[in-house]
Amino acid sequence: MSGAPAERAPRRELRSRQWYGESVSSGLRSFSHRARTRQLGYLPEEHLGKPVIAVLNTWSDINPCHSHLRDRAQAVKRGVWQAGGFPLEFPVATLSETFQKPTPMLYRNLLAMETEELLRSYPVDGAVLLGGCDKTTPALLMGAASVDLPAVFVPAGPMLPGHWRGETLGSGTDMWKYWDDHRAGLIGDCELTELESGLARSPGHCMTMGTAATLTAAAEALGVTVPGASSIPAVDSGHDRMAAASGLRIVGLVREDRRLSRILTPDAFADAVTTVLGLGGSTNAVIHLIAMAGRAGVRLTLDDFDRIARTVPVLANVRPGGERYLMEDFHFAGGLPGFLSRITDLLHLDRPTVCHDTLREQLAGARVHDADVIRTRDDPVAEEGGVAVLRGNLCPDGAVIKHIAAEPHLLRHTGPAVVFDDYRTMQRTLHDPALGITPDHVLVLRGSGPKGGPGMPEYGMLPLPDHLLKRGVRDMVRISDARMSGTSYGTCVLHVAPESYVGGPLALVRTGDLITLDVPARSLRLEVSDEELARRHAAWTPPPARYERGYGALYSEQITQADTGCDFAFLARPGTVPDPYAG
């Protein structure tokens, strides 16, 4: 791992100089800023003329994925001091995936706004971004890209593997599995109580290839972390060293004036998509990468994902898409550098990263140490990328499915729909035997998209009816305008766009309608005539507004659909924002 600063470039005028000036006679405002810095206890020699580095920390007491980031921020600061910079730590929104309701996706753009405006409005020359829990990675990078300062991302890292009665557990993935076993009567309350203490054993994000691991890997593939950073276990001493190396490197980036716009190029995003698909990563990455690219002025679409998916095999044998391994295994098998060394012919090797002039240089010497964890091209987990993009009259703007985590016999399926208008109704009625649900039915959930959710919650892995679980059924075709946890599995069609709340075709489905899913053909169709759909649409009435005021109202007015990244329209549009006048 290389985190040492490059040879110093000629000294450039620092952005923070606008606040601090050059001397005591630089003006009243500069005098005031220096006086208040003395109030903080800092000597002039500690900060004047040095790169001021914002350390944005998403730590909080309610975010177990980030409970170690208070310590990691100190390591970052240590690196900044060693490189001759001046670090300032800023607390920002934490977006705890487990606890924040109705979903932290509702607040991703709020953290992106906070990141952007904080970096723009304070006397900082560069930033180190500490995150990792699902929405924090894209939010921090979206905001930082909009400001376009030098920045380094520090991933929170995966937690330790779980353990229970001789089983190695994957957080999230085994939660779903054993909860279904409990509903099927295969395990009891005592076992569940033990599992509560065995699923998540340490700080860090999910140690499966869930959304958090997928997005931090995407950040490393984009080139905004030090090499190998994304898979280091959260409690490993190497994680502390990586944080310090990130602090060292950001000072060099400021001196070189290597801004995010030089890193977040179209080639970088193409490589991030290739990485996500080759890892068998989370479907959530589709939405987040499209949004991140938009903030960097790069157009990324669902068609790009589908095109690239046909060219890259899945090589990461990591659950839930893989068979058995977890992120710690992936790290010691070579981590992302080792993985990328398997697919260099699919990457753009001449683009820069935060640590090297080219990705080619960064990957020099990368090795794979366990060919069962990171497979060879001749022995892939799957022949093509782990996410498929679907089109059809039920999803004219697209939908996605993580088909490598589905039962193969369901990838071509026609069955009658059972429709639920919202998640609460589904929870209340799904298990009623009077519904007559069979394994051949298609479960349809609507009202769960960006506007309708609100916030597009992770409702997409609809539970199976209890009576089917007790018969041994473990998968059915499920369709929604919601998202799904990256730790989940099953034949779940997600992100149906446009969503039902705005009158998309999903709003027109009726129980009993036949739906055809054909993943090899990339097709999702409602077997209803165009004329009948037109009649249904004419009779459809929009649902009432979810929010009358506050942030929720702003969200509802500005949020875009899943296929365009669920960003706010006023943030995603092109245009410049000037630096504030500091004098």
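Every heavy atom of this structure was used, including side-chain atoms; hydrogens, water molecules and symmetry mates were not.
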Considering the options T211, T103, T283, which one meets the side chain to side chain donor-acceptor pair (under 3.5 Å) requirement together with R483? T103
Let me confirm one number: the [atom1]-[atom2] distance from [X] to [Y], rounded to the nearest 0.5 Å.
| X | Y | atom1 | atom2 | value |
| --- | --- | --- | --- | --- |
| Y423 | S480 | OH | OG | 10.0 Å |
| I287 | M292 | CD1 | CE | 13.5 Å |
| L260 | L222 | CG | CG | 10.0 Å |
| C206 | E97 | SG | CD | 8.0 Å |
| T576 | D148 | OG1 | CG | 12.0 Å |
| M461 | K402 | CE | NZ | 11.0 Å |

State, without any angle test, whether [X] and [Y] hold a side-chain donor-acceptor pair at a distance under 3.5 Å.
| X | Y | answer |
| --- | --- | --- |
| T94 | S60 | yes |
| D422 | T425 | yes |
| W59 | S67 | no |
| D304 | T301 | yes |
| T560 | D567 | no |

Distance-only, no hydrogens or angles: does the [X] side chain make a donor-acceptor pair with backbone N or O of [Y] under 3.5 Å?
| X | Y | value |
| --- | --- | --- |
| N57 | L69 | yes |
| S96 | I62 | yes |
| S488 | M484 | no |
| D240 | S237 | no |
| E220 | S230 | yes |
| T115 | L140 | no |
| H66 | G132 | yes |
| S556 | A553 | no |
| S146 | E116 | no |
| R478 | L443 | no |

Side-chain contact, heavy-atom cut-off 4.5 Å: [X] with [Y]?
| X | Y | value |
| --- | --- | --- |
| F90 | V124 | yes |
| C492 | I401 | no |
| C566 | R108 | yes |
| V389 | V286 | no |
| H205 | T216 | yes |
| I290 | F305 | yes |
| V314 | L277 | no |
| L289 | L300 | yes |

Would you check, one step at a time, whether the test side chain to side chain contact (heavy atoms under 4.5 Å, CB included) holds for W176 with Y489? CA-CA 9 Å; W176 312 115; Y489 50 86; 3.8 Å; yes
Quick one: closest heavy-atom pair of [X] and [Y], and the distance?
| X | Y | answer |
| --- | --- | --- |
| F99 | P64 | CE1-CD, 4.0 Å |
| C395 | V496 | CB-CG1, 4.1 Å |
| L119 | A54 | CD2-CB, 3.8 Å |
| P158 | I232 | CD-O, 3.2 Å |
| T208 | P320 | CB-CD, 4.3 Å |
| N284 | G486 | ND2-N, 4.0 Å |

Do [X] and [Y] sit within salt-bridge range, that is, some charged N less than 4.0 Å from a carboxylate O?
| X | Y | value |
| --- | --- | --- |
| R183 | D180 | yes |
| R446 | D481 | no |
| K451 | E499 | no |

Is atom CH2 of W164 surrounded by more than 12 heavy atoms (other residues, nucleotides or ligands) closer than 6.0 Å? yes
Using the salt bridge (Lys or Arg N to Asp or Glu O under 4.0 Å) criterion, which residues pair with E167? Sequence neighbours excluded. none
Kindly state whether the ring of H239 and the ring of H68 have centres lying under 6.0 angstrom apart. yes
Chi angles and distances behind the side chain to side chain contact (heavy atoms under 4.5 Å, CB included) call for D306, L302: CA-CA 6 Å; D306 196 54; L302 290 179; over 6 Å; no
Show your working on side chain to side chain contact (heavy atoms under 4.5 Å, CB included) between L390 and V400 and close with a plain yes or no. CA-CA 6 Å; L390 307 175; V400 301; over 6 Å; no
According to side chain to side chain donor-acceptor pair (under 3.5 Å), who are the partners of R474, at least two apart in sequence or on a separate chain?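 R474 satisfies side chain to side chain donor-acceptor pair (under 3.5 Å) with D181 once adjacent residues are dropped.
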Show the numbers, then the answer: is there a ring-ring contact (aromatic ring centres under 6.0 Å, His included) between Y555 and Y107? CA-CA 9 Å; Y555 176 94; Y107 301 102; 8.1 Å; no
Between E328 and L160, is a side chain to side chain contact (heavy atoms under 4.5 Å, CB included) present by the stated rule, with each step listed? CA-CA 7 Å; E328 187 172 12; L160 294 176; 4.3 Å; yes
Report the C-alpha distance between R319 and E323 in whole Å, list the side-chain angles of each, state the deciding distance to 0.1 Å, and finish with yes or no for salt bridge (Lys or Arg N to Asp or Glu O under 4.0 Å). CA-CA 6 Å; R319 299 167 64 192; E323 296 171 357; over 6 Å; no
